[in-house]
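Notes to accompany the following structure.
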Amino acid sequence: MNRIPIEDEIVALRRDLHRHPELSGQETRTAGIVAAELERLGLKVIRAPERGNSLLGVLDTGRPGRTLALRADMDALPLQENACNLKGLKAFVSEIDGAAHMCGHDFHTAGMLAAARRLSAMKERLRGQLIFCFESGEEMGLGDDARALLAELKPVDAVFGVHVQAAFPCGTVAVIDGSCTTGCETFAVKVRGKSAHGATPHLGLDPINCAAQILCGANAIVSRRVNAREAAVLTVCNFHGGSTWNRIPDECRMEGSLRFFSEQVGRDLHALLEQTAAGIAMADGCTAEVHWRNWCPPSVNDAALAALARAAAEKTGAEAIAGEPWMASETFARYREICPEVLAFVGCANPDKGCGAPQHSDRFDADEDCLPVSAALTAQFAQDFLGGQKGAAMPRPEICFAQ
């Protein structure tokens, strides 16, 4: 069987992106590399620098047909990468302090460019239009500039995306019907009290004690106020109050997030946290303000598109697995406001290589062999959606490593 290699330049590009990560909203170098490659392929590049670093590359076949958007995210996380994975030293790591691709967005960007090369080469066999959408700022819940650019190109019939998944073995693909990632909303609770000496707490209003009670009350919301048949998570991830050992502060603050598969459950959690914080604060003589940001709905795979994606995976020779929904959240969900969507998970774990630490861990390391799987799946789905040659399947790809 003929095999389609991933070019050495694409592998080298992925490694370069990994070594030079850029945080959300700061992806100027990455966006420049992407734009240059799309222009080299003859695609029309659409950018709006005043809005952000996101960009589109348009491949118009010149023949009537449907329009498909293919989306990849470009940003890194504000983490210091560990030099080791689960087995030993990594082959290479981020060279930028405080920034690292610990979620696989370097794979998404490089894999999409590999798919763009393949689809550009077979342009004469396609109908309609492809829009390669490279999104800025996903990790911070941004990316509105990408969706705004895409919305201006309406009508768009569907959007497809890939996310590497550390919970699944490398070489596997999971396309889940319905909700595949959770919705999310982040919160900050600010509790205000009255400062006093630690020896005389009765002369003050202790915001730390109050905030601790709010934390305990918040932890009971999911177990006692949400139907047990609904999946939901409320997690507080930081807690700050005071600066010395003998003084009660005026203020205490905590931050966290809500996760949910039902938007109604998300709205209920929002209201219940505000109710809990206000009620406990009142009982303690304090005040509590809850500040919200980054509302994101769940990613919900369209049933027909999910079936098409699974068929595309089978054609490439990838191993299809059932998988399960991911409790993480993805701004990919917001493309559903424009058109139906489908997000596929591509496994990147390989214990023999030490790959398998969860995403957002400093030891996260993806098996590079997932790159050709991602590229082939994207290209095959696009070919099938746009109605290329009936029954034509792209051969299973083989990776070629740069030396």
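The first residue in the sequence is number 1, and the count goes up from there. Remember, predicted model here, so these are calculated numbers, not experimental data. Only this structure's heavy atoms are used, side chains among them; waters, hydrogens and symmetry mates stay out.
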For this session: May I ask you to decide if the ring planes of F160 and F381 are parallel, tilted or perpendicular, using 30° and 60° as cut-offs?
Result: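 Correct class here is parallel.
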Side-chain heavy-atom pair [X], [Y] within 4.5 angstrom cut-off:
| X | Y | value |
| --- | --- | --- |
| D60 | K44 | no |
| E185 | L269 | no |
| F107 | V162 | no |
| L68 | D157 | no |
| L153 | T67 | no |
| H163 | H105 | yes |
| C370 | F168 | no |
| I208 | P249 | yes |

Taking [Y]'s backbone N and O only, do any of them form a donor-acceptor pair with [X]'s side chain (distance below 3.5 Å, no angle check)?
| X | Y | result |
| --- | --- | --- |
| E337 | Y335 | no |
| H108 | A72 | no |
| S195 | I248 | yes |
| N294 | C184 | no |
| E81 | A100 | no |
| E341 | V300 | yes |
| D73 | E135 | no |
| Q165 | V346 | no |
| S136 | G143 | no |
| T61 | K123 | no |

For this session: Quick one: do L23 and M140 satisfy side chain to side chain contact (heavy atoms under 4.5 Å, CB included)? Show the steps, please.
Result: CA-CA 9 Å; L23 298 179; M140 291 299 293; over 6 Å; no
Quick one: do the [X] and [Y] side chains pair a donor with an acceptor below 3.5 Å?
| X | Y | answer |
| --- | --- | --- |
| S24 | E139 | no |
| T181 | S329 | no |
| S262 | E230 | no |

Problem set entry | Pairs touching residues 284-306 that satisfy salt bridge (Lys or Arg N to Asp or Glu O under 4.0 Å), sequence neighbours left out |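 Matches after skipping sequence neighbours: none remain.
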Problem set entry | side-chain contact (heavy atoms from CB on, under 4.5 Å) partners of N246, counting only residues at least two apart |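 By the side-chain contact (heavy atoms from CB on, under 4.5 Å) rule, N246 matches H197, T244.
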For this session: Not counting sequence neighbours, which residues clear side-chain contact (heavy atoms from CB on, under 4.5 Å) with E251? List them please.
Result: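 Expected list: K190, R192.
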Problem set entry | Ring centre gap for W295 and H270 strictly below 6.0 Å |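 That pair fails the under 6.0 Å test.
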Exercise. Within a radius of less than 6.0 Å around CD of E39, do more than 12 heavy atoms belonging to other residues, nucleotides or ligands occur?
Worked result: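 Yes.
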Exercise. Counting heavy atoms not belonging to M282, are there more than 12 under 6.0 Å from its CE?
Worked result: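 Check fails, neighbour count at 12 or below.
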For this session: List the steps and the verdict of side chain to side chain contact (heavy atoms under 4.5 Å, CB included) for M112 and L70.
Result: CA-CA 8 Å; M112 187 66 75; L70 301 170; 3.6 Å; yes
Enumerate, atom names and distances included, each donor-acceptor pair closer than 3.5 Å involving a side-chain atom of residues 305-312, sequence neighbours excluded.
{"residue": "R310", "atom": "NH1", "partner": "V175", "partner atom": "O", "Å": "2.7"}
{"residue": "R310", "atom": "NH2", "partner": "D177", "partner atom": "OD1", "Å": "3.2"}

Of all the heavy-atom pairs spanning [X] and [Y], show the shortest one and how long it is.
| X | Y | value |
| --- | --- | --- |
| P207 | G193 | CB-N, 4.0 Å |
| A115 | A379 | CB-N, 4.2 Å |
| V373 | G171 | CG2-CA, 4.2 Å |
| L386 | L130 | CD1-CG, 3.5 Å |
| V222 | A232 | CG1-O, 3.6 Å |
| A166 | Q359 | N-OE1, 3.2 Å |

For this session: Validate the cation-pi geometry between R66 and F385: distance from NZ or CZ to the six-membered ring centre under 6.0 Å, angle to the ring axis within 45°.
Result: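 Yes, R66 sits over the ring of F385.
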So, are [X] and [Y] salt-bridged, with charged N and O less than 4.0 Å apart?
| X | Y | result |
| --- | --- | --- |
| R19 | D16 | no |
| E368 | R14 | yes |
| R336 | E263 | yes |
| D365 | K90 | no |

Exercise. With Q264, which residues qualify under side chain to side chain donor-acceptor pair (under 3.5 Å), at least two apart?
Worked result: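 In terms of side chain to side chain donor-acceptor pair (under 3.5 Å), with neighbours along the sequence ignored, Q264 is linked to R267, D268.
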Between atom [atom1] of [X] and atom [atom2] of [Y], what is the distance when rounded to the nearest 0.5 Å?
| X | Y | atom1 | atom2 | result |
| --- | --- | --- | --- | --- |
| S223 | L234 | OG | CG | 10.5 Å |
| F261 | S299 | CZ | OG | 9.5 Å |
| S361 | N82 | OG | CG | 7.5 Å |
| Q275 | I280 | CD | CD1 | 10.5 Å |
| E27 | F134 | CD | CZ | 12.5 Å |
| D369 | C355 | CG | SG | 9.0 Å |

For this session: Quick one: do V164 and S374 satisfy side chain to side chain contact (heavy atoms under 4.5 Å, CB included)? Show the steps, please.
Result: CA-CA 8 Å; V164 295; S374 172; 5.6 Å; no
For this session: Give the C-alpha distance, both sets of side-chain angles, the deciding distance and a yes or no for side chain to side chain contact (heavy atoms under 4.5 Å, CB included) between K315 and D384.
Result: CA-CA 10 Å; K315 289 180 180 179; D384 293 347; 3.2 Å; yes
Problem set entry | Listed partners of E37 passing salt bridge (charged side-chain N to carboxylate O under 4.0 Å, His left out), at least two apart |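 Once residues adjacent in sequence are excluded, the partners of E37 under the salt bridge (charged side-chain N to carboxylate O under 4.0 Å, His left out) criterion are R40, R117.
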